[in-house]
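To start, the structure itself, in structure tokens.
Because only heavy atoms are used, hydrogens play no part in the values below, and waters and symmetry mates are left out as well, while side chains stay in. None of these values were measured; they are calculated from a predicted model.
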Amino acid sequence: SLGTSGVVFAPTPRYTPDPRGRLHAFCYTDADSWHVMGVILAAAACQRWFRQLLGDDAQAPSFDALDDAIAASPPGAEGLLWLPYLSGERTPHNDPNARAVLAGASLAHGRAHVLRAIAEGVAFALADCFDLLADPCGVEVDELLVSGGGARGDNQCQIIADVLGREIARPAVDEGPAYGAALLAGEAAALWTREAMAEQLVIERRFEPRGELRALYDEARGRFGELYRVLYG
């Protein structure tokens with residue numbers, strides 16, 4: 001889910017805690033089932049923060065315009081990196097003292113580069129969460145869904161797919177947690193069945209990873225992790 005924060009959430013049939021406490025592991029809504037969850041504290045909040053720097057609501061570009069502007073920068077933002085830790089970070093660092101960083105800026109960089117660096121930094125942070133599902137938790141993910149206000153941007157969704165190297169699907173309903181809670185409440189009240197709930201999942205668009213960008217993003221993500229370690233590790 002891409003809202004103010006970003007959440008990587010996966011149900012699992014067994015209790016699979018992270019020994020280092022980087023992921024949440026809680027009971028799920030079904031009997032004898034669980035979920036694991038990683039959270040980054042600033043996802044769409046990063047774009048909102050940058051938009052506020054550009055002016056008040058009457059002057060600043062729309063969020064759609066900001067997402068469109070990402071396409072004016074090449075993948076990798078010509079070396080520009082963004083650590084999205086505007087509010088510290090929860091997963092995987094559990095570090096309240098971490099702060100956001102824009103690194104590698106030069107006179108060659110413009111607004112589009114910053115916007116792409118922000119989108120890529122959010123994607124790298126989500127990938128840090130996603131990797132923990134498999135190791136150490138051993139959770140296998142068959143399908144990736146993305147929801148929330150931040151998922152309305154096609155370029156942001158495509159970047160996440162490219163960084164993860166996985167297809168991601170965007171449901172037609174962009175409300176994530178609240179919509180899911182309403183569906184579960186309706187099932188508990190016997191207003192509908194689990195099968196009827198599943199029929200509500202209509203995919204609006206799928207984003208396929210672009211394999212030609214995998215090496216570029218693997219290298220950029222390595223620099224992303226090293227920048228955190230140098231500054232805060």
> How far apart are the closest heavy atoms of T16 and A25, and which atoms are they?
Replying inline: O-CB, 4.3 Å
> Between R116 and S73, is there a donor-acceptor pair closer than 3.5 Å when you use the side chain of the first and the backbone of the second?
Replying inline: yes
> Would V122 and Q47 satisfy side-chain contact (heavy atoms from CB on, under 4.5 Å), going step by step from the backbone distance to the final call?
Replying inline: CA-CA 10 Å; V122 168; Q47 193 178 73; over 6 Å; no
> Cluster question for you: counting only ILVMFWY and a side-chain heavy-atom cut-off of under 4.5 Å, with indirect links fine, are V7 and L2 together?
Replying inline: no
>> Restricting to non-hydrogen atoms, name the atom on G150 and the atom on A44 that form the minimum distance, rounded to 0.1 Å.
In response: CA-CB, 4.1 Å
> For W192, which residues count as a ring pair (Phe, Tyr, Trp, His ring centres under 6.0 Å) partner, sequence neighbours excluded?
Replying inline: none
> What pairs of residues pass the salt bridge (charged side-chain N to carboxylate O under 4.0 Å, His left out) test when at least one of them lies in residues 38-50, not counting sequence neighbours?
Replying inline: none
> After noting the C-alpha distance and the side-chain angles of R22 and D128, does the key distance pass the salt bridge (Lys or Arg N to Asp or Glu O under 4.0 Å) rule?
Replying inline: CA-CA 10 Å; R22 295 165 295 179; D128 284 347; over 6 Å; no
> side chain to side chain donor-acceptor pair (under 3.5 Å) with D68: which residues, sequence neighbours excluded?
Replying inline: none
> Between W34 and Y15, is the gap from one ring center to the other below 6.0 Å?
Replying inline: yes
>> With heavy-atom distances below 4.5 Å as the criterion, would you say the side chains of L102 and L81 are in contact?
In response: no
>> List the residues meeting side chain to side chain donor-acceptor pair (under 3.5 Å) with N94, not counting sequence neighbours, and say none if there are none.
In response: none
> Does any pair with a residue in residues 139-159 pass salt bridge (charged side-chain N to carboxylate O under 4.0 Å, His left out), and if so which ones, sequence neighbours excluded?
Replying inline: E143-R206, R152-D174, D154-R170, D154-R205
> Is there a path from V39 to I168 through hydrophobic residues (I, L, V, M, F, W, Y) whose side chains come within less than 4.5 Å of each other?
Replying inline: no
> Counting only N and O atoms by type, is there a donor-acceptor contact under 3.5 Å from the side chain of R221 to the main-chain atoms of L216?
Replying inline: no
> Given the side-chain rings of Y232 and H93, with only the six-membered ring counted for Trp, is the space between their centroids under 6.0 Å?
Replying inline: no
> Can you name the closest pair of heavy atoms from D67 and N155 and give their distance?
Replying inline: O-ND2, 2.8 Å
>> Restricting to side chain to side chain donor-acceptor pair (under 3.5 Å), what partner residues turn up for R99, sequence neighbours left out?
In response: none
> Linking Ile, Leu, Val, Met, Phe, Trp and Tyr by side-chain heavy atoms under 4.5 Å, what else ends up with L201?
Replying inline: L145, I203
> Roughly how far, to the nearest 0.5 Å, is CG of D131 from CG of L126?
Replying inline: 11.0 Å
> What pair of heavy atoms forms the shortest contact from A69 to L115, and how long is it?
Replying inline: CB-CD1, 3.6 Å
> CZ of F207 to CG of L144: how many Å apart, nearest 0.5 Å?
Replying inline: 13.0 Å
>> Let me confirm one number: the CG-CG distance from D135 to D18, rounded to the nearest 0.5 Å.
In response: 9.0 Å
> Are the side chain of Q156 and the backbone N or O of A151 linked by a donor-acceptor pair below 3.5 Å?
Replying inline: no
>> Quick test of your reading: applying ring-ring contact (aromatic ring centres under 6.0 Å, His included), list the pairs with at least one residue in residues 94-119, sequence neighbours left out, ordered by first then second residue.
In response: H109-H113
> What is the distance from atom OG1 of T4 to atom CD1 of I40, rounded to the nearest 0.5 Å?
Replying inline: 11.5 Å
> Roughly how far, to the nearest 0.5 Å, is the CG atom of D162 from the CG atom of L213?
Replying inline: 5.0 Å
> Under 4.5 Å between side-chain heavy atoms, hopping through other hydrophobics if needed: is there a path connecting V8 to F26?
Replying inline: no
> What's the shortest heavy-atom distance between C137 and V36, and which atoms?
Replying inline: SG-CG1, 4.5 Å
>> Quick check: is F63 connected to I159 through a chain of hydrophobic side chains (ILVMFWY, heavy atoms under 4.5 Å apart)?
In response: yes
> Hey, is D30 close enough to R194 for a salt bridge, meaning N to O under 4.0 Å?
Replying inline: yes
> If you round to the nearest 0.5 Å, how far is CG of L83 from CD1 of I118?
Replying inline: 11.5 Å
>> I'd like to check E120 versus W82 (side-chain heavy atoms, cut-off strictly below 4.5 Å). Are they in contact?
In response: no
>> With salt bridge (charged side-chain N to carboxylate O under 4.0 Å, His left out) as the rule and sequence neighbours excluded, what pairs involving residues 73-98 come up?
In response: none
>> Holding to side chain to side chain contact (heavy atoms under 4.5 Å, CB included), I want the full list of residues that pass it with V173, two or more places apart in sequence or in another chain.
In response: E175, Y179
> Can you list the other members of the hydrophobic cluster that holds L107, where links are side-chain heavy atoms under 4.5 angstrom apart?
Replying inline: none
> How close do L227 and A103 get, heavy atom to heavy atom, and via which atoms?
Replying inline: CD2-CB, 3.7 Å
>> Check for me, please, whether V163 and F224 land in the same ILVMFWY cluster - side-chain distances under 4.5 Å, paths through other members count.
In response: yes
>> What verdict does the side-chain contact (heavy atoms from CB on, under 4.5 Å) test give for D32 and R14, after you've listed the backbone C-alpha separation in whole Å, the side-chain angles of each residue and the deciding distance to 0.1 Å?
In response: CA-CA 7 Å; D32 301 319; R14 62 192 185 281; over 6 Å; no
> Any side-chain heavy atom of P13 sitting closer than 4.5 Å to one from S33?
Replying inline: no
>> Parallel, tilted or perpendicular: which one describes the rings of Y28 and F9, with boundaries at 30° and 60°?
In response: tilted
> Applying salt bridge (charged side-chain N to carboxylate O under 4.0 Å, His left out), which residue pairs with at least one partner in residues 211-220 are found, sequence neighbours left out?
Replying inline: R214-D218, E219-R223
>> Working note: L41 + Y85, criterion side-chain contact (heavy atoms from CB on, under 4.5 Å); need CA distance, chi angles, decisive distance, verdict.
In response: CA-CA 7 Å; L41 296 179; Y85 308 140; over 6 Å; no
